[in-house]
Amino acid sequence: MTAKVIDGKAFAAGVRAQVAEHVMRLKVEHGITPGLAVVLVGQDPASKVYVKNKHASTIEVGMASFEHRLDADISQTNLLAVIDRLNADPAVHGILVQLPLPKHLDSNLVINRVDPAKDVDGFHISNVGLLGTGQKSMVPCTPLGCLMMLRDHYGSLAGLNAVVVGRSNIVGKPMAQLLLRDSCTVTIAHSRTKDLAAVCRGADILVAAVGRPEMITGDYVKSGSTVIDVGINRIERDGKVKLVGDVEYATVAAVAGAITPVPGGVGPMTVACLLANTLTACYRLNGLVELKGLTA
Ligand code: NDP
């Protein structure tokens, strides 16, 4: 079997086009321009690239983009003051604090200072609780992107066995919550899981969010299953830096029914879902009816 490639790049372009259309309508019909504020502390090269890409995508869909580049040695108090100002700014509907933060800052405190209604990353403890109890919340972008692709592929996910490898607050746990909410039978695996390959072979849907290059090989995969590769790892191969996922593409694609590639799978969906979340936040903050299909 050769797996169908789930084209995250094309899917994300579709989501962005949908968002752009509704941004235009909001402007024309309500005089509202959705705005996303991104807070970057310090000079982490990878974070700078992410922030630059987010800015470009935000502008491209017609939203307002507010970038706050702060010195690496900013005090906790001053950073919280920036967030307070963004919380109070009616032109800002989404706030994203680029992680990781420098070590002297308390990430949890900072994340929980963001107004939950503007928390487009879905990391605020209120949104985590709402998601966990099946209530309307802001949903973390990467798992939301994975869910959108899975729903598109299957229609209904009810009754499918899903295995999520990784239990981080950013990816693994919210992914498991979303799959559970769509009535999958969910297993969360992690570094202490016994016989991981056997656990994974039970999956109709296998989500890899481990951060270990090409760890999931064909031996971990049930024939015909769907494999979502969240991993983004930079490795050196043949003297060149290459981007690979947590899944060994060639051996897994030979067994799976469908697979997301790296690059061009989950990555573009994460940015598209950030824009979708900003639009959703804008609808909710203005008391408008949000769009189905762009939220979980
Ligand atoms: P974390 O490092 O926070 O979590 C990794 C998880 O993998 C942990 O739960 C860990 O288990 C588990 N793990 C580590 N080693 C093993 C192993 N040998 N066997 C089984 N489980 C293992 O990573 P993130 O969740 O933040 O990110 C995961 C990957 O996704 C990374 O490659 C990251 O770059 C990528 N990513 C991609 C995004 C995108 O837009 N595509 C967005 C966010 C992340 P334990 O808890 O026991 O330590």
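As the structure is a computational prediction, the values presented were derived from the model and not from experiment. One-based numbering, in listed order, for ligands and for the atoms of each.
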M215 neighbourhood, listing ligand 1 atoms whose heavy-atom distance to it stays under 4.0 Å: 17 (C), 18 (N), 19 (N)
N233, portion touching ligand 1 at heavy-atom distance under 4.0 Å: side chain
N/O donor-acceptor pair under 3.5 Å between K9 side chain and G265 backbone: no
E214 (side chain) donor-acceptor with Y249 (main chain) under 3.5 angstrom: no
Closest to [atom] among [options] (heavy-atom distance):
atom: atom 36 (N) of ligand 1; options: V230, V210, L274; value: V230
atom: atom 25 (O) of ligand 1; options: A209, P100, S168; value: S168
atom: atom 6 (C) of ligand 1; options: P140, G166, A46; value: G166
atom: atom 20 (C) of ligand 1; options: H190, M269, M175; value: H190

Exercise: identify the closest heavy-atom pair between A296 and L178: CB-CD2, 3.7 Å
Non-hydrogen atoms of T260 and M149 that approach each other most closely: CG2-CE, 4.1 Å
Nearest-neighbour protein heavy atom for [atom], which is reported as residue plus atom name and distance:
atom: atom 42 (C) of ligand 1; answer: T142 OG1, 3.2 Å
atom: atom 15 (N) of ligand 1; answer: R212 NE, 2.7 Å
atom: atom 33 (C) of ligand 1; answer: I232 N, 4.2 Å
atom: atom 40 (O) of ligand 1; answer: T270 OG1, 2.8 Å
atom: atom 46 (O) of ligand 1; answer: R167 NE, 2.7 Å
atom: atom 31 (C) of ligand 1; answer: G211 CA, 3.5 Å
atom: atom 47 (O) of ligand 1; answer: S191 OG, 2.5 Å

Note: K240-E236 ion pair, threshold 4.0 Å (strictly below): no
N-O pairing of E67 and K52 below 4.0 Å: no
Contact (N/O only, under 3.5 Å) between V171 and ligand 1: no
